[in-house]
Amino acid sequence: MSTTVSPAPDNSGGVPVFRYSLASATGKVTPGGWGKQVTAAELPISQDIAGVLMRLEPGAVRELHWHAIAAEWGYVVEGQVRVTLFDPEQRISTEDVPAGDVFSFPRGYGHVIQNSGTVPATFILVFDNGHFSEFATFSSTDWLAHTPRNVLAETLGTPESSLAGLPAGEVYIVPGPVPPPLAETRPATAQLLAANSCAYRFSQQAPERYAGGTIAIASQLQFPLSSTITGAVMTIDPGAIREPHWHPNASEWFYVLAGTLQVTVFASQGHARTDQFAPGDVCYVPRGLGHYLENTGDAEVRLLLAFNSGTYEQIGLSGWLAANPRALVATNFGLPETTVDAFPGGTEYIAARR
Ligand code: MN
Ligand code: MN
């Protein structure tokens with residue numbers, strides 16, 4: 001551990017546990033892949049965001065389904081998936097999404113995810129409702145299994161006998177062959193949404209650089225379909241600090257892709273909690289609570305963040321103090337004006353080790 005890291009403040013109570021080890025959860029395992037989730041059931045503080053870590057074997061399909069109470073946003077960690085969205089205007093959007101890129105399914109819209117690559121695909125899903133459950137989605141096989149065969153036969157224009165092979169219940173993930181290239185798939189009978197409607201080439205977006213790290217933010221400005229979820233990838237150098245700040249408009253959820261860090265959350269009335277994070281862990285910070293992140297290891301920290309708003313907002317400590325009159329800040333904190341003068345003039349955002 002780096003000697004520049006501040007000692008953990010005492011955990012004075014009043015802040016519930018805000019860490020969950022998603023990667024080491026048991027999850028739901030099938031022959032085609034698995035899903036692990038963190039919802040308000042696993043992490044009670046996380047009332048308005050839920051997350052899933054999923055892996056699909058090549059060709060495997062996370063079946064046709066929808067979610068009644070949450071929009072979905074996904075980030076591909078490794079491999080490649082093909083996502084297809086179907087909207088109420090009877091339009092579709094189909095995209096291959098490689099590692100580092102993102103996709104979005106608005107609340108209630110039909111969608112499906114298939115591994116369209118030749119190696120296993122791993123991806124992170126974020127939902128804008130903590131009470132969502134990945135294991136209680138509206139799955140097409142579950143629905144058809146609970147619909148009389150004569151209704152299905154009439155709806156689909158086929159004899160009942162031809163539907164004998166339908167699954168008896170939800171398949172969730174089904175193994176299958178790797179699909180042909182997008183250009184060679186069956187032409188859509190539905191109208192196509194504009195290119196890249198349900199996917200965004202996030203890996204090609206240049207990050208903002210700060211003294212101690214970088215951040216790339218994909219809000220609805222960059223990815224219009226994702227109107228209720230903003231995503232970001234942040235890197236923090238060894239010893240660097242993502243400065244104390246808060247988000248006025250959204251709760252924050254992140255998954256640790258690499259590195260080790262320490263997170264402290266301040267909940268007012270003297271309440272604060274610090275916890276340690278490693279790869280595979282999830283952190284949740286409720287809207288409005290103060291927090292900061294410190295890289296406690298010798299390697300770069302890499303995080304996948306999500307906020308439950310299509311607009312990104314943050315207020316950082318250094319910029320706030322710099323924007324107020326020197327004499328007022330000196331009086332507020334009982335500090336000499338010369339000390340206040342030496343504070344950074346703008347926002348630190350990610351401060352380098354000093
Ligand atoms: Mn889904
Ligand atoms: Mn934050």
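- Pairing each heavy atom of T260 with each of N295, the nearest pair is O-OD1, 3.4 Å.
- Side-chain contact check for Q191 versus E89: every heavy-atom pair is 4.5 Å or farther apart.
- Rounded to the nearest 0.5 Å, atoms NE2 (H131) and CG (D48) are 8.5 Å apart.
- Remark: the backbone N or O of P179 is not paired with any side-chain donor or acceptor of S116 at under 3.5 angstrom.
- Distance check, rounded to the nearest 0.5 Å: CH2 of W34 to CG of L56 gives 9.5 Å.
- Counting only distance, with no hydrogens or angles, the side chain of Q90 and the backbone of D87 share no donor-acceptor pair below 3.5 Å.
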(request) Determine, stepwise, if the pair Q262 / T274 fulfils side chain to side chain contact (heavy atoms under 4.5 Å, CB included). (result) CA-CA 7 Å; Q262 176 169 293; T274 296; 3.3 Å; yes
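- Listed for the D128 side chain is no donor-acceptor partner under 3.5 Å among the backbone atoms of A70.
- Partners of F223 according to the ring-ring contact (aromatic ring centres under 6.0 Å, His included) rule, which considers only residues two or more places apart in sequence or in another chain, are Y200.
- Between the E63 side chain and the Y172 main chain, a donor and an acceptor come within less than 3.5 Å of each other.
- When F307, Y292, W320, F266 are each tested for a ring-ring contact (aromatic ring centres under 6.0 Å, His included) with W246, only one passes: W320.
- Under the 4.5 Å side-chain heavy-atom criterion for ILVMFWY residues, no single connected hydrophobic cluster contains both L317 and L289.
- Residue L53 holds its CG atom at 10.5 Å from CG of L304, rounded to the nearest 0.5 Å.
- Inspection of the T122 and E78 side chains reveals an N or O donor paired with an N or O acceptor under 3.5 Å.
- The hydrophobic cluster containing F138 does not contain F86, counting ILVMFWY residues as joined when their side-chain heavy atoms lie under 4.5 angstrom apart, directly or transitively.
- In this structure, R19 contributes its side chain and Q276 its backbone to a donor-acceptor pair below 3.5 Å.
- Side-chain contact between D275 and V263 is absent, with no heavy-atom pair separated by less than 4.5 Å.
- Judged by distance alone, the side chains of H245 and Q314 never bring a donor and an acceptor atom under 3.5 Å apart.
- No path of Ile, Leu, Val, Met, Phe, Trp and Tyr side chains, each step under 4.5 Å between heavy atoms, connects L225 with L221, placing them in separate hydrophobic clusters.
- For the atom pair I92 CD1 and L193 CG, the distance stands at 8.0 Å (nearest 0.5 Å).
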(message) For S251 and R287: C-alpha separation, side-chain torsions, deciding distance, then whether side chain to side chain contact (heavy atoms under 4.5 Å, CB included) applies.
(response) CA-CA 4 Å; S251 298; R287 173 169 50 88; 3.6 Å; yes
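- Of all heavy-atom pairs between A211 and D237, the closest is O-OD2, 4.0 Å.
- T137 contributes atom OG1, which lies 5.0 Å from atom CD of E170 (distance to the nearest 0.5 angstrom).
- By the 4.5 Å heavy-atom criterion applied to side chains, L43 and W253 are not counted as neighbours.
- At least one side-chain heavy atom of L303 sits under 4.5 Å from a side-chain heavy atom of L293.
- At least one donor-acceptor pair under 3.5 Å links the side chain of N115 to the backbone N or O of V119.
- Between P336 and A330, the closest heavy-atom pair is C-CB, 4.4 Å.
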(message) Assess the residue pair T84 and Q114 against the criterion (side chain to side chain contact (heavy atoms under 4.5 Å, CB included)); give the C-alpha distance rounded to whole Å, side-chain angles, the decisive distance to 0.1 Å, and a yes or no.
(response) CA-CA 9 Å; T84 301; Q114 181 174 27; over 6 Å; no
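- Heavy atoms only, all atoms of each residue included: A306 and V126 are closest at CB-CG1, 3.7 Å.
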Could you list the donor-acceptor pairs under 3.5 angstrom formed by side chains in residues 148-158, with sequence neighbours left out?
residue: R149; atom: NH1; partner: L163; partner atom: O; Å: 3.2
residue: T155; atom: OG1; partner: V151; partner atom: O; Å: 2.8
residue: T158; atom: OG1; partner: S162; partner atom: OG; Å: 2.6

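- Checked against ring-ring contact (aromatic ring centres under 6.0 Å, His included), Y349 has the following partners two or more places apart in sequence or in another chain: Y210.
- Under the ring-ring contact (aromatic ring centres under 6.0 Å, His included) criterion, F105 pairs with F103, H111, not counting sequence neighbours.
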(request) Take V15 and H291 through the test side chain to side chain contact (heavy atoms under 4.5 Å, CB included) and record every step on the way to the result. (result) CA-CA 12 Å; V15 183; H291 55 285; over 6 Å; no
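- You'll find the side chain of D281 reaches within 4.5 Å of the side chain of S21, heavy atoms only.
- Looking only at side-chain heavy atoms (C-beta outward), I113 and F123 come within less than 4.5 Å of each other.
- Alongside V112, the hydrophobic cluster contains V61, L64, V171, V174 (criterion: ILVMFWY side chains under 4.5 Å).
- Counted within 6.0 Å of CZ on R91, heavy atoms from surrounding residues, nucleotides or ligands total more than 12; the atom is thus considered enclosed.
- Legend: residues meeting ring-ring contact (aromatic ring centres under 6.0 Å, His included) with F254, ordered by chain and number and at least two apart, are F277.
- Screening E72, K36, M54 for a side chain to side chain contact (heavy atoms under 4.5 Å, CB included) with E134, the sole residue that qualifies is M54.
- In terms of modelled atom types and a separation under 3.5 Å, the side chain of N249 and the main chain of T311 share a donor-acceptor contact.
- Counting only distance, with no hydrogens or angles, the side chain of T230 and the backbone of S309 share a donor-acceptor pair below 3.5 Å.
- Of the possible donor and acceptor atoms, none in the side chain of S197 sits under 3.5 Å from a partner among the backbone N and O of S93.
- Remark: the backbone N or O of F202 is not paired with any side-chain donor or acceptor of Q205 at under 3.5 angstrom.
- Using a 4.5 Å cut-off between side-chain heavy atoms of Ile, Leu, Val, Met, Phe, Trp and Tyr, with links allowed through other members, Y312 and M234 fall into the same hydrophobic cluster.
- Residue I350 comes nearest to G213 through the heavy atom pair CG2-N, 3.6 Å, listed as atom of the first residue, atom of the second, then distance.
- Taking each heavy atom of E243 and G316 in turn, the nearest pair found is OE2-CA, 3.4 Å.
- One hydrophobic cluster, built from ILVMFWY side chains closer than 4.5 Å, cannot hold both V83 and W66; they sit in different ones.
- Between E57 and P175, every side-chain heavy-atom pair lies at or beyond the 4.5 Å cut-off.
- Counting heavy atoms from C-beta outward, K28 and I173 have side chains that stay 4.5 Å or more apart.
- With a 6.0 Å radius and a threshold of 12 heavy atoms from other residues, nucleotides or ligands, R201 has its CZ atom above the threshold.
- Atom CH2 of W73 sits about 9.5 Å away from atom OG of S104, to the nearest 0.5 Å.
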